[in-house]
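Step one of this worksheet: look at the structure below.
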Amino acid sequence: MTAQVSGGVTALDVDRIRNDFPVLSRELPGGRPLVYLDSGNSSQKPVQVVETMREHLSMHYSNVGRAMHVLGAESTEAYENARDKVAAFVGAPSRDEIVFTKNASEALNLVAYAFGNPAGSDERFRMGPGDEIVISEMEHHSNIVPWQLLAQRTGATLRWFPVTDDGRLDLSGIGDLVNERTKIVSIAHQSNVLGTVNPVADVLARVRDVGALLMLDASQAVPHHPADFAALGVDFVAFTGHKMLGPSGIGVLWGRRELLDAMPPFLGGGEMIEAVWMDRSTYAPVPHKFEAGTPPIVEAIGLGAAVDYLNAVDMRAVEAHERALTAYALDALREIPGLRVIGPTTLESRGGTVSFTLEGIHPHDVGQILDDSFGVAVRVGHHCARPLHLRFGIPATTRASFYLYNTTGEIDALVRGLHYVQKVFA
Amino acid sequence: MTAQVSGGVTALDVDRIRNDFPVLSRELPGGRPLVYLDSGNSSQKPVQVVETMREHLSMHYSNVGRAMHVLGAESTEAYENARDKVAAFVGAPSRDEIVFTKNASEALNLVAYAFGNPAGSDERFRMGPGDEIVISEMEHHSNIVPWQLLAQRTGATLRWFPVTDDGRLDLSGIGDLVNERTKIVSIAHQSNVLGTVNPVADVLARVRDVGALLMLDASQAVPHHPADFAALGVDFVAFTGHKMLGPSGIGVLWGRRELLDAMPPFLGGGEMIEAVWMDRSTYAPVPHKFEAGTPPIVEAIGLGAAVDYLNAVDMRAVEAHERALTAYALDALREIPGLRVIGPTTLESRGGTVSFTLEGIHPHDVGQILDDSFGVAVRVGHHCARPLHLRFGIPATTRASFYLYNTTGEIDALVRGLHYVQKVFA
Amino acid sequence: MIAESMYQELILEHYKHPQGRGLREPYDAEVHHVNPTCGDEITMRVKLGDGGKVEDVSYDGQGCSISQAAASVLHELASGSTVEETLGVVEEFTRLMQGRGQVEPDEDVLGDAVAFAGVAKFPARVKCALLAWMAYKDALVRSTT
Amino acid sequence: MIAESMYQELILEHYKHPQGRGLREPYDAEVHHVNPTCGDEITMRVKLGDGGKVEDVSYDGQGCSISQAAASVLHELASGSTVEETLGVVEEFTRLMQGRGQVEPDEDVLGDAVAFAGVAKFPARVKCALLAWMAYKDALVRSTT
Ligand SMILES: Cc1ncc(COP(=O)(O)O)c(C=O)c1O
Ligand SMILES: Cc1ncc(COP(=O)(O)O)c(C=O)c1O
């Protein structure tokens, strides 16, 4: 695959890319090859990321910010450079708007905890009975539970967009749902189950009409599509390093500077302060205000290397590659009797995540036989989106999710595996 | 150094240990050797830790808990084994009491956020005006600011133990300070500036008398002394991976099971739930209840390898080695004119952290010249303990802190450096 | 299929041909357990006889092959045994399942249930395997009190 | 001492022999700035003349050699210069300090202040170097309004 794809982007060379991921050539117990179709859960890491981390940990490591020696300078420089890289990668208007967290969940909770804090003073973050929070039925638990907890703490009301039968956000009731009582709307940019890419502009227009804030959970979007947060025009975005070739232990909150400035601090501790007395403190400017304690230093540096890698491949090529794989998979799965795709069955506004049920066979059994017999790694269960599964009246689905290193041959292996599963349980 | 030390512990072989830390043989720009005396800030990492992480990231990585394939099983097993190792290392009564956080600061904030939550129902965690929180004047900002923020949120009162002129916790007023209004007392096990090891049993006795809870910030204790949390008898302990040969991005909260069970959740999201509906959720049992989202997987595994390393060396040998270094340093520093140690000047109840001032020379200048001219890495400033420095009427100190890989030769280098600093500024 | 596979023939056999499935009368206690994370369900009835004998274990449910096969294996092991004996098996089975793949199963105690050893490595599946067994334990408590 | 050392001779010279130190009359504005993280302090007075001329910059303070030398260098650069010129220098100096060691300093603009380039790699020291310069900018604003 080195053909031109549309728009002047060179298609990615999947063979060369696979060489950067040693695990993809690993032989599993019993001699099975690995077919990794679980990147929506967490992606594999290229040697470039792993080696950057190893090198830093071995020869340049020290704490950041506070240290005034060679290693301190090297670590601080590498850590802050990672912030620059991430900011540029997502088109953030300012590097200071990039807050490093431990994962996307922390980023979502950080924003949720900014509301209804009696110590905060900004009107936009006040919350109590009568105020409303809006999410959707297709959210990941990490974009549901923080808002449930916020509603419990403050007495505010949690409401949600329904999901249509074909797996789209149902905007028909938006006029009632998002209203002058709404303080914040938080929805997925791309669903981790359906693959649906949500119409941000439509939601944003209504959110702006009523003067509320809009947060995007872009955990499944940033790894797979070119990002331009400035153009997106929303208020907050959360995403996570481990799904975009980076290590575990690092996530990102982006927020508009003016809002981050107005928010009360979340976690208190070293590095997030300006001056501390026993009875009061003043806080550092953002992003440090939200980075209490020793940050995930080497993890941020690893994420920076992941961003370098994705830039070198070109996110437009990544997107095009996944689109081709998704088209291929939707076609191939259509041939399997009793298979029902949960989510859009066309390529329109959808990413490379395909969830489905197989009639009469529990997804747990599907996933485990695929793994046992063919080394095909998919995810099975409710994928941390139980309400969405309840909405479709099913306890679980099997999910295949694609990334830049996947091939059509791997989708063929999945299809072969599914036929075998049907034979086993026939 | 392979002599017997008291109590049947074999002294550690510092030369062999140094070979495991490649950075210690690194040549800094200008041909200076590195003399790393800043482990109190963050420790260096042995190859065993770095290689364990590299191997896992390269060949065994996947998300934990939720995945049902070979890589998922391998990652989950390695992650949960790390919990076993940490639990055994600190003598936790149960592995389920070990909660992985991103650092010690998160662990301290997690407990602080358990109080005064209107959604929580346990009497012990209720907090409002009239209730009191007690800390001390020698705390790290990470054990001050979370409690200030809690006091602001709830209207409770923050009080603190003073510190004596020789750097000890002043317990003389404990009867008044810790009283029936006290809900929680949180103090350092070992001060990160003074080196003082605090008398936990004395404080605990009073805390139990009044029915309050006791939390220890053991960030500076666990890396340097054998730990036995069960014997300690306190309620919560926070510590952090990066100061004990582990990577950045991983910390630990230990708490008594019964308390962890009674606490409301802190961060909401994937992995911390049992079942989720749109309007409510039930939560997983501890420790998962407090581990929302994808945890720092590889970081926990790295910490497990660090614990293996420390066990192989033997924490009693680590403690004895540091004690010898501290004795040597206190002696050597005494010879420098105008040098004043801030903290205990004897070995009694103190660890291997020595902070001092040099008359007429600002610590910033001391630290930077030591680094510039001799590659001696110390920390200068208020070490995230500004109130303690205010207490001693000084803006900053220079701090040398020791670990298992340090030598008396490195202390000699420090002393030579300090003489040179005095010459430069003479 | 590889050696340490979770899908031992035996599990599939029990799944396809469940032993003793169906709710029967008479019974001393009936319980209904649900695994909220994956939606697996089981209803279980226990009938005890003289001398601590388990006369019948009847059940109905839905879910993955692991959860359903576990109920079938349990039925075989428990029926005709004594309460005390079966509690020993439940205990050993629980230990195996919660051992994260690091516990050596005691085949003498477990019998056919040893086929579930491979499940222990997948925390998300452990609950499937345990569902029927926990329901049984619960039903026993209710029968004898 | 190595090439990229923070402690250029020039900085030490200024620290040991500060130029124009001491608070003088007359002045148009006086400001007092503190760096709360490290306790460095500076009091600074500015006296402006005709045609945007800076007639005098006088100061007193305490802190590390970087913060004190920065005040001395500032005094030399600003006295006798114009407000506009000095604002250009302040801007370039700020850019250098906030550049995390990645900004090439413009020596023509900075003059002696280029000696502080090594500081930029240490975020904790950047504030020391900037203290006097921010105070100066603040004092200028207050003098002209
Ligand atoms: C005594 C003490 N408490 C808490 C902390 C905070 O640890 P972390 O930065 O890992 O959150 C530190 C170290 O910085 C410390 O020395
Ligand atoms: C849509 C979505 N949101 C949030 C998350 C949570 O990310 P993390 O586990 O890194 O906190 C995930 C992934 O698990 C996700 O897919």
Side-chain angles (χ1 to χ4, degrees), chain A residues 22-23 26 28 41-42 45 50 54 57-59 61-63 67-71 102-106 109 117-119 140-142 144-146 148-149 152-153 160 242 247-249 267-270 273 276-278 281 292-294 296-299 367-368 371 377 379-381 384 386-387, chain B residues 22-23 26 28 41-42 45 50 54 57-59 61-63 66-71 102-106 109 117-119 140-142 144-146 148-149 152-153 160 242 247-249 267-270 273 276-278 281 292-294 296-299 367-368 371 377 379-380 384 386-387:
Chain A
V23 73
R26 188 181 147 189
L28 301 179
N41 191 359
S42 201
K45 326 299 173 198
V50 178
R54 191 195 56 70
L57 273 173
S58 304
M59 297 306 283
Y61 176 83
S62 136
N63 215 325
M68 299 190 196
H69 41 64
V70 172
L71 295 179
K102 69 172 172 176
N103 54 24
S105 304
E106 185 192 345
N109 280 277
N117 184 333
H140 187 281
H141 294 161
S142 292
I144 299 177
V145 182
Q148 290 179 343
L149 294 174
Q152 281 171 31
R153 285 195 304 273
W160 50 88
H242 66 92
S248 53
L267 302 179
I273 56 93
V276 176
W277 296 263
M278 283 313 289
S281 297
T294 301
I297 300 169
V298 185
E299 293 66 29
Q368 215 104 38
D371 173 59
R379 190 167 169 200
V380 294
C384 298
R386 190 172 175 272
Chain B
V23 72
R26 185 179 150 191
L28 301 181
N41 191 359
S42 200
K45 327 298 175 199
V50 178
R54 190 192 58 68
L57 272 173
S58 305
M59 297 306 283
Y61 177 82
S62 141
N63 215 325
R66 25 172 119 162
M68 299 191 195
H69 42 64
V70 172
L71 296 179
K102 69 172 172 175
N103 54 25
S105 302
E106 185 191 345
N109 280 277
N117 184 334
H140 187 280
H141 295 160
S142 292
I144 298 176
V145 182
Q148 289 179 344
L149 293 173
Q152 281 171 30
R153 284 195 304 275
W160 50 89
H242 67 91
S248 52
L267 302 179
I273 56 92
V276 176
W277 296 263
M278 283 313 290
S281 298
T294 302
I297 301 169
V298 184
E299 293 65 30
Q368 215 103 38
D371 173 59
R379 188 164 170 204
V380 294
C384 297
R386 189 171 176 271

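Letters go in sequence order (proteins before strands), and every chain restarts at 1.
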For the [atom1] atom of [X] and the [atom2] atom of [Y], what is their distance to the nearest 0.5 Å?
| X | Y | atom1 | atom2 | answer |
| --- | --- | --- | --- | --- |
| A:Lys102 | B:Glu106 | NZ | CD | 3.5 Å |
| B:Arg379 | A:His69 | CZ | NE2 | 9.0 Å |
| B:His242 | A:Thr294 | NE2 | OG1 | 3.0 Å |
| A:Arg54 | B:Leu57 | CZ | CG | 12.5 Å |

Which one, [options], leads in non-hydrogen pairs under 4.5 Å with chain A?
| options | result |
| --- | --- |
| B:Gly268, B:Pro118, B:Cys384 | B:Gly268 |
| B:Glu299, B:Gln152, B:His140 | B:Glu299 |
| B:Ser248, B:Ser142, B:Gly269 | B:Ser248 |

Item to complete: Please flag which part of B:Ile297 lies under 4.5 Å from any non-hydrogen atom of chain A: side chain, backbone, both or neither.
Response: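 The answer is both parts of B:Ile297.
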Pick whichever of [options] has the most heavy-atom pairs under 4.5 Å with chain B.
| options | result |
| --- | --- |
| A:Gly249, A:Ala104, A:Pro247 | A:Gly249 |
| A:Val298, A:Leu28, A:Leu71 | A:Leu71 |
| A:Ala119, A:Gly381, A:Pro22, A:Ser62 | A:Pro22 |

Using every non-hydrogen atom in the two residues, find where [X] and [Y] come nearest and quote the distance to one decimal.
| X | Y | result |
| --- | --- | --- |
| B:Ser105 | A:Gly293 | OG-CA, 3.2 Å |
| B:Pro387 | A:Met278 | CB-SD, 3.4 Å |
| A:Val23 | B:Met59 | CG2-O, 3.4 Å |

Worksheet entry | side-chain hydrogen bond (donor to acceptor under 3.5 Å, both in side chains) against A:Asn41, all qualifying residues, sequence neighbours excluded |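 Counting only residues at least two positions away or on another chain, A:Asn41 forms a side-chain hydrogen bond (donor to acceptor under 3.5 Å, both in side chains) with A:Asp38, B:Asn63, B:Arg66.
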Item to complete: Kindly write out the residues that satisfy side-chain hydrogen bond (donor to acceptor under 3.5 Å, both in side chains) with B:Ser58, not counting sequence neighbours, or none if the list is empty.
Response: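 Testing B:Ser58 for side-chain hydrogen bond (donor to acceptor under 3.5 Å, both in side chains), a comparison that skips the adjacent residues, returns none.
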Worksheet item: Given a strict heavy-atom distance threshold of 4.5 Å, which part of A:Leu267 is in contact with chain B: side chain, backbone, both, or neither?
Response: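 Answer is both: backbone and side chain atoms of A:Leu267 are under 4.5 Å from chain B.
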Worksheet item: Can any side-chain N or O of B:Asp371 pair as donor or acceptor with the backbone N or O of A:Val70 at less than 3.5 Å?
Response: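 Yes, because the side chain of B:Asp371 sits within donor-acceptor range (under 3.5 Å) of the backbone of A:Val70.
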